[in-house]
Amino acid sequence: MSSGTSLRPGWYAVFVLMLAYVSSFIDRQILSLLVAPIKRDLLLSDTEISLLMGLSFALFYTFLGIPIGRLADRANRRNIIIGGIAIWSLMTALCGVVKNYGQFFLARVGVGVGEATLSPAAYSMLADYFPREKLATAISVYSAGIYIGSGVAVLIGAWLVSMGGDARTVTLPLVGEVFTWQVLFFYIGLPGLVIALLVLTVREPARKGLLTAADGQVQHLSISEVFGLIRQKQAAFFSVTIGFTFIALVAYAGSAWTPTFLVRTFGWKVGNAGAIYGLMVTVFSTTGIILGGRYADALTRRGVTDGRLRIGIYSAIAIALSAFYPIVNNPTVVIVMIPIPCFFVAFPFGAASAAIQDIMPNQARALASAVYLFFINIIALGFGPTSVALLTDYVFQDESAIRYSLAMVTLLASMISLGCYSVGLAPYRRAMTAMHHPSAVAV
């Protein structure tokens, strides 16, 4: 059987799981286009809105990821994903009937609970479908769902907002009267149930790279033993994790507030700002994540052991150099510059996720991925949107100063990322040697 034929089930799984990821990011990112009407109808501040976009979702998404990751290391990963898709789709639709901020917050928590199932299990499955020199590309294509979903969410939101007219409420069969913006949650939530059925056609792959004892028997690792492995490789593990976390923080902050920045700074209509930014995210971030994965795999084939971390270093430098785009007064120049951070926040995604898989045995991959995602989501997703809002509300105390908040968050986060990736190069090389060439290191 040719390598191309043998990888067909893997690429089919990548495609289906990417659709699930697209659905999940449409569900979570649609709020960025609804800031104005939600604030108006529920009487909220920027900070309260940011908590709906970030912390409400990240709270259970983050903490449930670890037990779900543990389950994915021991049980059928495909079935875990199917259950999660059904939960987040129904909870997204539930956002269409909430009556107050508390109900909205709890519904967003429910979305996070469902979505916590996807990536730890998906990363582990893809590591079993693909050889190491193709893994970053596979994870990048799967993870392109983030940027496709984010871009499509903004485009759909912009279109539906522009179609809404002046009416603030509509009456729906069986549901009753809801705000016009709430209808969007039915459009984007319920189709996820179809994707859950599609995941049934994906095969659960055989587990590879299992840790074995001296007698050749497969080891069954306890939770404490998995965390022990992470501690053994903590310098490598956390340099990748924290390095990418702060690049992701830039991405979440930008995705949450860039359309609003364009509206407040240049007086654009919400639909126009959303359409332009959504198109940029869809095109440039999707291109960035796929090219980043392919470049990382090319470095792996050339024997560059720390190549996956170098991708992060290059990205952090590019983001830092472009961080000042929000304070430029010319909207044309701003639009020309925005693709730079859009591209480079995505560039290291597949490489970072593959780096975690590379240094962990199969029995620990999903739980290690969940720990990795724990930091990304509690810091980047939980506080990325809120960091911008806090600066705007409490430091500048002026909604029009959102441009300075975005610039400050982007620059500081990219510099932290650069430092973490840089100090991790040598520890990561040692961890790779210990994992794939154990005879070359002292035991």
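All figures in this text were calculated on a predicted structure; none of them were measured in a lab.
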*Name all residues meeting the side chain to side chain donor-acceptor pair (under 3.5 Å) criterion together with R203; count only those two or more places apart in sequence or in a different chain, and write none if there are none.*
none
*Could you go step by step and tell me if W11 and Y129 meet the ring-ring contact (aromatic ring centres under 6.0 Å, His included) rule?*
CA-CA 8 Å; W11 284 117; Y129 269 122; over 10 Å; no
*With S24 via side chain to side chain donor-acceptor pair (under 3.5 Å) - residues at least two apart*: none
*asked:* Does R294, at its CZ atom, have more than 12 non-hydrogen atoms belonging to other residues, nucleotides or ligands within less than 6.0 Å?
replied: no
*Taking the side chain as every heavy atom from C-beta outward, state whether I247 and F344 have any pair of such atoms under 4.5 Å apart.*
no
*asked:* Nearest 0.5 Å, please: how far is CE in M360 from CZ in R365?
replied: 9.5 Å
*Please report the closest heavy-atom contact between R78 and V202, naming both atoms and the distance.*
CD-O, 2.8 Å
_Interatomic distance, I416 atom CD1 to L249 atom CG [nearest 0.5 angstrom]_ = 8.5 Å
*Considering residues at least two apart in sequence or located in another chain, which fulfil the side chain to side chain donor-acceptor pair (under 3.5 Å) criterion with Y372?*
S353
*Within 6.0 angstrom of M415 CE, more than 12 heavy atoms from elsewhere*: no
*asked:* L299: which residues meet the side-chain contact (heavy atoms from CB on, under 4.5 Å) condition with it, sequence neighbours left out?
replied: Y295, R302, V304, I311
*Using the side chain to side chain donor-acceptor pair (under 3.5 Å) rule, collect all pairs that involve residues 396-405, keeping only residues at least two apart or in two chains.*
K39-E399, N329-R403, T392-S405, D398-S400
*Is there a side-chain contact between I340 and Y325, using heavy atoms and a 4.5 Å cut-off?*
no
*Minimum side-chain heavy-atom gap T245-F374 below 4.5 Å*: no
Which atom pairs, one a donor and one an acceptor, fall under 3.5 Å between side chains of residues 12-23 and the rest of the protein, sequence neighbours left out?
unit_1 : atom_1 : unit_2 : atom_2 : d
Y12    : OH     : T201   : OG1    : 2.6
Y21    : OH     : S119   : OG     : 3.1

Listed pairs under 3.5 Å, donor-acceptor, residues 230-239 side chains, sequence neighbours left out:
unit_1 : atom_1 : unit_2 : atom_2 : d
K233   : NZ     : I359   : O      : 2.4
S239   : OG     : A235   : O      : 3.1
S239   : OG     : A236   : O      : 2.9

*Residues forming a side-chain contact (heavy atoms from CB on, under 4.5 Å) with L71, sequence neighbours excluded*: A75, I80
Could you tabulate the donor-acceptor pairs under 3.5 Å formed by side-chain atoms of residues 81-88, not counting sequence neighbours?
unit_1 : atom_1 : unit_2 : atom_2 : d
W88    : NE1    : D27    : OD2    : 3.0

*Sequence neighbours left out, what pairs pass side chain to side chain donor-acceptor pair (under 3.5 Å) with at least one residue falling in residues 336-346?*
none
*Contacts of type side-chain contact (heavy atoms from CB on, under 4.5 Å), residue P131, not counting sequence neighbours*: L7, E133, K134
_Rounded distance [0.5 Å steps], CZ in F246 versus CZ in F375_ = 11.0 Å
*asked:* On a heavy-atom basis, which atom in D306 and which in Y428 lie closest, and how many Å separate them?
replied: CA-CD2, 4.2 Å
*Charged N to carboxylate O below 4.0 Å: is that the case for R308 and D297?*
yes
*Set of side-chain contact (heavy atoms from CB on, under 4.5 Å) partners for I335, sequence neighbours left out*: L262, W268, I276, M280, I338
